[in-house]
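First comes the structure, then the notes that go with it.
Values reported hereafter were calculated over all heavy atoms of this structure, with side chains retained and with hydrogens, waters and symmetry mates removed. Each chain gets a letter, A, B and so on, in the order its sequence line appears, and its residues count up from 1.
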Amino acid sequence: MLDLKQIRENPQYVQDRLNLRGAGQYDIQPILELDQQQRQLEQERSRLQARSNEIAKIIPAKIKQGSDPKGSEILELREEGNKVKTEIGELEPREKELKSQLETLLLALPNLPSETTPIGKNEDDNPEVRRWGEEYKIQHSVLPHWEIGEKLGILNSDRAVKVAQSRFIMLKGAGAALERALISFMLDKQTAAGYIEVLPPLLVNSQSLTATSQLPKFADESFKCQDDDLWLIPTAEVPVTNLYRDEILEASQLPIRHCAYTPCFRREAGAYGRDTKGLIRLHQFNKVELVKFVHPDKSEEEHQALVRDAEAILQALKLPYRVIELCTGDLGFGAARCYDLEVWLPSANKYREISSCSNFRDFQARRGSIRFKEAGKKGTQFVHTLNGSGLAVGRTMAAVLENYQQPDGTVKIPEVLQPYLGREVLYETAT
RNA sequence: GGAGAGGUGGCCGAGUGGUUGAAGGCGCAGCACUGGAAAUGCUGUUUAGGGGAAACUUUAACGAGGGUUCGAAUCCCUCCCUCUCCGCCA
């Protein structure tokens, strides 16, 4: 959520920054008008309430001084109290209504792109920041990972579709073990880098989804439970960020860095026909997520470090990748700044997103009221929240299968994974 | 699912109609004491919104929402959540 005060005081700046996401999409004018009306009502109501409070104090004081509780002086005051109360009763609902409209509009407004975010219309304008591992790109032709997987007998789609629906997959034998090995490896690596592991709830309430900004705008992207106010998490970002919702932290506790392995559930509405095969786009997938709560002064450097921590996994696995920065037109709703890591998928002959590392600044902290107090300073400040995948496990598996595919059809296991898996090569087996 | 208890400040915990934004304690900050520290003593310490250049001022908040009253943390209603016991269960 944007700071209403900022919108009020620098409307042109805010509107200009919002326009960078796509001109004409967002209009702050209605917010400015509602805010104006709301404040006017508040002033009037507040003045009446002050009088009401005054009367409530005068009455017992007069009685103490000897006034007759049933006398005309007291009765008049009571009557005025009633009158004031009636007037307040008329203003209050109007003010509440304005406030709730204002809230609705504010929640629907995305974050402002940072000052350094490259300006552009869509993903075609995302600049490449750096590339890594050109020397590890394989030269021979390869099968797409789902074909490798079926041949090796380590993944099965048909049965998963029978059990659930399309866009579900079942891993088997070495496939299941490889997924588990990747998860363990990533968690070990990230905890060694200073992230404290958490295993959060996989179902969250609406308030949590609102804080991280999946709600209200993206309700149709998540699975919802019918009988409870609970949703399946689309990413560990939601439960982990909400761990500190409505809390006031000590500045000395910052930064807080967490990593979490969770399954993630996404409806992928609007993705019909795209990536229908393999491990790229599923309703359920595993991910190790990195989440940070930091002091605003440190947020930029923590963001850069977060990206490096995600990259470290790809480097350890020797998977070629590139880093791109999302331009203003492609930036996610809550992000002020975002880097994507894209891994090389030889069968497609292109890079595919495997991690998205965003700095939300105080956008989520404001929605979730995640604040901190600085010793000796008055008041509280909002923390900055950051998160990124470290990494998407299914897509990593796909990248491993393809990039480590040998001409003879076998798949080598990356060295760092061998201790986890207890083997060096995957061979074709009868299914 | 059945029965009961409870939700108060950063934390613990008093408070059943009138200066209670809220006793007391812990924690934290400052000062004193000390060579320095501990201990001790004193002082201070909620958040959010509005108005104001500022000093300051005003409103709201004791799980949430409604009601009674001139006045509600305190009384009434509805909802949510937590805990305990029993049942069920990984």
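Across all strands shown, B:A32 is found opposite B:U40 as a Watson-Crick or G-U wobble partner, with both distances under 3.5 Å. For B:U78, the paired nucleotide is B:A64, the pair qualifying as Watson-Crick or G-U wobble because both relevant distances are below 3.5 Å.
Listed by chain and number, the residues in a salt bridge (charged side-chain N to carboxylate O under 4.0 Å, His left out) with A:E289 are A:K287 (sequence neighbours excluded). Residues meeting the ring pair (Phe, Tyr, Trp, His ring centres under 6.0 Å) test with A:F223, sequence neighbours left out: A:H283. Not a single salt bridge (charged side-chain N to carboxylate O under 4.0 Å, His left out) links A:R94 to another residue, sequence neighbours left out.
Annotation: proximity of residues 37-48 of chain A to RNA chain B (heavy atom, distance under 4.0 Å) is found for A:R39, A:E42, A:Q43, A:R45, A:S46, numbered in ascending order. For residues 78-87 of chain A, proximity to RNA chain B is found at A:R78, A:N82, A:K85, defined as any non-hydrogen atom under 4.0 angstrom from a strand atom. RNA chain B is contacted by A:K96 of residues 88-100 of chain A, taking any non-hydrogen atom closer than 4.0 Å.
Residue contacts shown for A:L77 are absent, as no nucleic acid heavy atom lies under 4.0 Å away. Residue contacts shown for A:R51 are absent, as no nucleic acid heavy atom lies under 4.0 Å away.
Looking only at atom types and distance, the side chain of A:E374 has a donor-acceptor partner in the side chain of A:H295 under 3.5 Å away. One side chain, A:Y321 or A:Q315, offers a donor N or O that lies under 3.5 Å from an acceptor on the other.
The CG-C1' distance, from A:D246 to B:G10, rounds to 14 Å in whole Å. Regarding A:Q253, its CD atom lies at a distance of 17 Å from the P atom of B:G27, rounded to whole Å.
Distances shown here put a side-chain N or O of A:T380 below 4.0 Å from the OP1 or OP2 atom of B:A48.
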